[in-house]
Amino acid sequence: MQQAINEARDRGLRIIVAGGDGFCGWPTALYLSKQGHEVTIIDSLVRRDIDDELGSNSVTPILPLEQRVAAWEEVSGSRIDVRIGDLSDYEFLSAVVTDVQPEAFVHFAEQRSAPYSMIDREHAIYTQRTNVEGTLNVLWAIRDYAPECHLVKLGTMGEYGQPNIDIEEGFIEIEHRGRTDRLPFPKQPGSFYHLSKVHDSDNIMFACKIWNIAATDLNQGIVYGLHTNETRMDPRLVNRFDYDAVYGTALNRFLIQAAVGHPLTVYGDGSQTRAYLNIEDTVRCIELACANPAQPGEFRVFNQFTESFSVEELAVKVVAAASTLGIDAQINHVENPRVEKYNHYYNAVNTRLIDLGLEPHLLTEGVLAEILEVARTHAGRARNELILPSVTLSLIHISEPTRQEAIS
Ligand code: NAD
Ligand code: USQ
């Protein structure tokens, strides 16, 4: 499998990274560029507008995209092409696809926060419209302007929910009334955001079938961490680091909470178990998928995660790592703003990326301590009022003042 990676690197694939200004997209664009691929970023920069809408910020100071890319060229000698525009703008998208003739289209460019999608009707509709429309446009652009391009689409482990059986990689063999079939694994998503990913998966599978498109749906777990080898090369290349209750994800939030002296916000009893991976593995998984493409007409699904933990287990690990740095972190069980299962079964299969050669970076105290150190360096930028969720209903619900700010 290393052979496929080496061959792809020698050749240098033409790869579009849509959402290349985001948390996963930026380090992926740098990593692919470093390996010798020709990278074009597409991004509308909407995530930076959403930060303003929510009065939120990345705890690390991220430069404007054009300055980040200029810094990359200076540091690495490699150029990344940037096209600012929205995937909902089909004229823009089709012009970029026609011009670049990508061999792989890596699609990160979606609204990815479950809490954001649950603020109110407008945010639910925004999320589903952005995600479903964007993916449909990408499918049509590939069909019409680059039919051999391999779509590498970011899905989510949350599409499956938490069933009381093992979670397979996309499909399950079912025997029913004496007959058998291989069918898409049942989906039980937990937010309008997670539902948008299910709709995307169905649309992609259908497009592969009728148009012979090659696609890989990467059902990614929760990504933690901050740095990759490339973002470490210069402070101007630093990745975004979300910690607020809307875009911050469990482990990264706990690390920043420990760094700023806020008790770790475990929702409910903390027995909710989820799948996780380090951002350093995200970038490698994307290259593995690009270098080992799906066949024309094939819709394949990889479960992209390396380990599973309950939220309580994560918090305990952060407390232990913090104590090695002399930080006395505390755990606070707060009322859960989400409707979620507790004490549920969770066992998901994740062999396909490992079979292609992924060597996981596991969650060790050392890894946590490194991220904690960075969080501590930037702790002064964290706004305490963004950390606690404001609960008024049993659904994810943003408090009235925040909601008004979000809308105005
Ligand atoms: P992010 O919000 O940091 O980045 C998304 C980027 O896409 C932003 O730069 C944004 O400006 C851009 N974008 C959004 N909509 C766009 C549009 N219509 N047109 C052009 N650009 C657009 O998100 P992320 O954490 O990097 O997540 C990237 C992808 O990975 C998402 O699809 C998400 O669902 C998936 N994912 C993320 C995680 C995680 O833990 N972060 C886990 C599983 C899956
Ligand atoms: N949680 C806490 N405390 C917090 C934040 C979260 O206990 O302060 C809990 C939540 O209740 C939930 C779990 O941690 O049980 C995960 O929540 P999260 O916010 O870290 O992750 P989630 O909402 O699932 O979304 C994130 C990304 C999303 C991606 C998803 C992968 O934002 O883009 O799709 O992880 S997955 O969870 O596999 O669906």
Side-chain angles (χ1 to χ4, degrees), residues 17-28 41-51 58 65 83-89 92-93 106-118 126-127 129-131 133-135 137-138 153-162 189-191 193-194 196-197 200 218-225 239-240 242-254 257 264-277 279 282 303-305 308-312 314-315 332-334 336-342 348 387-389 396:
V17 179
D21 189 43
F23 170 63
C24 297
W26 173 245
T28 300
I41 287 179
I42 292 180
D43 205 296
S44 64
L45 309 180
V46 64
R47 195 44 227 291
R48 292 174 185 251
D49 295 340
I50 291 177
D51 280 349
S58 161
L65 179 56
R83 311 292 177 100
I84 302 298
D86 200 290
L87 296 186
S88 66
D89 179 349
F92 158 77
L93 175 63
V106 180
H107 180 11
F108 287 109
E110 296 203 327
Q111 191 305 97
R112 70 105 172 128
S113 159
Y116 188 84
S117 75
M118 301 299 288
Y126 169 77
T127 301
R129 186 174 284 161
T130 300
N131 297 359
E133 184 182 7
T135 297
N137 278 343
V138 171
K153 165 68 170 52
L154 271 294
T156 172
M157 285 301 292
E159 291 184 38
Y160 303 117
Q162 296 80 41
S191 72
Y193 152 71
H194 288 98
S196 73
K197 295 287 195 183
D200 281 344
L218 295 171
N219 280 345
Q220 184 169 240
I222 301 169
V223 185
Y224 64 85
N239 199 7
R240 78 159 30 246
D242 296 304
Y243 65 97
D244 61 288
V246 179
Y247 275 92
T249 47
L251 181 53
N252 277 3
R253 268 166 65 69
F254 293 163
Q257 289 164 357
L264 313 192
T265 56
V266 172
Y267 295 166
D269 71 7
S271 63
Q272 312 92 303
T273 300
R274 299 287 183 272
Y276 292 83
L277 77 162
I279 186 73
T282 293
N303 290 346
Q304 181 168 312
F305 71 94
S308 301
F309 302 103
S310 73
V311 175
E312 180 75 13
L314 286 184
N332 186 14
H333 289 263
V334 302
N336 194 345
R338 313 182 185 197
V339 177
E340 295 182 310
K341 281 188 191 168
Y342 295 116
I387 290 179
L388 269 185
I396 297 164

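Just follow the structure's listing: the first ligand is 1, and inside any ligand the first atom is 1. Values reported hereafter were calculated over all heavy atoms of this structure, with side chains retained and with hydrogens, waters and symmetry mates removed.
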| Which of the numbered atoms in ligand 1 are below 4.0 angstrom from a heavy atom of Leu87? | 17 (C), 18 (N), 19 (N), 20 (C)
| Heteroatom distance test (Arg48, ligand 1): nitrogen or oxygen, under 3.5 angstrom | no
Tabulated below should be the N or O atoms of ligand 2 paired with protein N or O atoms at under 3.5 Å; can you produce that?
from, atom 1, to, atom 2, distance (Å)
ligand 2, 3 (N), Thr265, O, 2.6
ligand 2, 7 (O), Tyr267, N, 2.9
ligand 2, 8 (O), Arg253, NE, 2.8
ligand 2, 8 (O), Arg253, NH2, 3.1
ligand 2, 8 (O), Thr265, O, 3.2
ligand 2, 8 (O), Thr265, OG1, 2.8
ligand 2, 11 (O), Glu340, OE1, 2.8
ligand 2, 11 (O), Glu340, OE2, 3.3
ligand 2, 15 (O), Glu340, OE1, 3.2
ligand 2, 15 (O), Glu340, OE2, 2.8
ligand 2, 17 (O), Arg338, NH1, 3.4
ligand 2, 19 (O), Arg338, NH2, 2.9
ligand 2, 20 (O), Ala250, N, 2.7
ligand 2, 23 (O), Arg338, NH1, 2.7
ligand 2, 32 (O), Arg112, O, 3.2
ligand 2, 32 (O), Arg112, NH1, 2.9
ligand 2, 33 (O), Arg112, O, 2.7
ligand 2, 33 (O), Tyr193, OH, 3.1
ligand 2, 34 (O), Thr156, OG1, 2.8
ligand 2, 34 (O), Tyr193, OH, 2.6
ligand 2, 38 (O), Gly158, N, 3.4
ligand 2, 39 (O), Thr156, OG1, 2.6
ligand 2, 39 (O), Gly158, N, 2.8
ligand 2, 39 (O), His194, NE2, 3.0

| said: Does any part of the side chain of Pro115, heavy atoms only, come nearer than 4.5 Å to the side chain of Arg338, both counted from C-beta? | reply: yes
| task | Between Thr130 and ligand 1, find which residue part has any heavy-atom pair under 4.0 Å and reply side chain, backbone, both or neither. | result | side chain
| Does the side chain of Asp86 come within less than 4.5 Å of Phe92's, by heavy atoms? | no
| note | Taken to the nearest 0.5 Å, the spacing of Thr28 OG1 from Ile279 CD1 works out to 6.0 Å
| said: Please confirm whether Gly221 approaches ligand 1 to less than 4.0 Å, judged on its heavy atoms. | reply: yes
| query | Should Tyr193 and Tyr116 count as side-chain neighbours, where that means a heavy-atom distance under 4.5 Å? | reply | no
| Shortest protein contact, atom 15 (N) of ligand 1 (heavy atom only) | Ala109 O, 3.5 Å
| Nearest-contact summary for atom 9 (O) of ligand 1 - protein heavy atom, Å | Asp43 OD2, 2.7 Å
| message | Heavy atom to atom 31 (C) of ligand 1, shortest distance: which of Phe108, Phe23, Phe305, Phe92 holds it? | response | Phe108
| Can you name the side chain to side chain contact (heavy atoms under 4.5 Å, CB included) partners of Asp269, sequence neighbours left out? | Ser271, Gln272, Tyr342, Asn343
| query | Can a non-hydrogen atom of Gly20 be found less than 4.0 Å from any atom of ligand 1? | reply | no
| note | Among non-hydrogen protein atoms, atom 33 (C) of ligand 1 lies closest to Arg112 CB, 3.4 Å
| field | Spacing of Asp244 atom CG and Ser58 atom OG [to the nearest 0.5 Å] | value | 10.0 Å
| task | State which residues pass side chain to side chain contact (heavy atoms under 4.5 Å, CB included) with Ser310; sequence neighbours excluded, sorted by chain then number. | result | Thr273, Glu312, Glu313
| task | Look at ligand 1 and say whether Tyr193 reaches it with a heavy atom at a distance under 4.0 Å. | result | yes
| Heavy atoms, side chains only, cut-off 4.5 Å: are Asn219 and Phe305 in contact? | no
| So do the side chains of Glu110 and Lys153 get within less than 4.5 Å of each other, counting heavy atoms only? | yes
| For Leu45, the ligand 1 atoms whose distance to one of its heavy atoms is below 4.0 Å | 11 (O)
| So is Gly158 in contact with ligand 1, going by heavy-atom distances below 4.0 Å? | no
| Which of the atoms in ligand 1, numbered in the order shown and given with their element, are less than 4.0 Å from a heavy-atom of Gly22? | 3 (O), 4 (O), 9 (O), 26 (O)
| note | Minimal heavy-atom distance between Cys24 and Thr282, with the atoms involved, is CB-CG2, 4.3 Å
| query | Identify the closest protein heavy atom to atom 1 (P) of ligand 1: which residue and atom is it, and at what distance? | reply | Arg47 NH1, 3.8 Å
| query | Are any of the side-chain heavy atoms of Leu251 and Ile222 separated by less than 4.5 Å? | reply | no
| note | Any heavy atom of Arg240 under 4.0 Å from ligand 1? The part involved is side chain
| query | Which one of Ile41, Val223, Leu154 has a non-hydrogen atom at the shortest distance from atom 39 (C) of ligand 1? | reply | Val223
| Which of the atoms in ligand 1, numbered in the order shown and given with their element, are less than 4.0 Å from a heavy-atom of Gly155? | 44 (C)
| note | Of all heavy-atom pairs linking Arg253 and Pro389, the shortest is NH2-CD, 4.2 Å
| Which residue and non-hydrogen atom of the protein lie closest to atom 26 (O) of ligand 1, and at what distance in Å? | Cys24 N, 2.8 Å
| task | Check whether any side-chain heavy atom of Ile50 sits under 4.5 Å from a side-chain heavy atom of Val246, and report yes or no. | result | no
| note | When distances are taken from atom 17 (C) of ligand 1, the protein heavy atom at minimum range is Asp86 OD1, 3.7 Å
| query | Can you name the nearest heavy-atom pair linking Gln162 to Lys341, along with the distance? | reply | O-NZ, 2.6 Å
| task | Please identify each residue that fulfils salt bridge (charged side-chain N to carboxylate O under 4.0 Å, His left out) with Asp242, with sequence neighbours left out. | result | Arg47, Arg112, Arg240
| Of all the non-hydrogen atoms in the protein, which one sits nearest to atom 14 (C) of ligand 1, and at what distance? | Val46 CG1, 3.5 Å
| request: Measure the shortest side-chain to side-chain distance between Ile387 and Tyr243 over non-hydrogen atoms and say whether it is less than 4.5 angstrom. | output: yes
| field | For Lys197, atoms of ligand 1 separated by under 4.0 Å from a heavy atom | value | 31 (C), 32 (O), 33 (C), 34 (O)
| Looking at atom 44 (C) of ligand 1, what's its closest protein heavy atom, distance included? | Gln220 NE2, 3.3 Å
| Under 3.5 Å side-chain donor-acceptor pair for Thr265 and Gln257 | yes
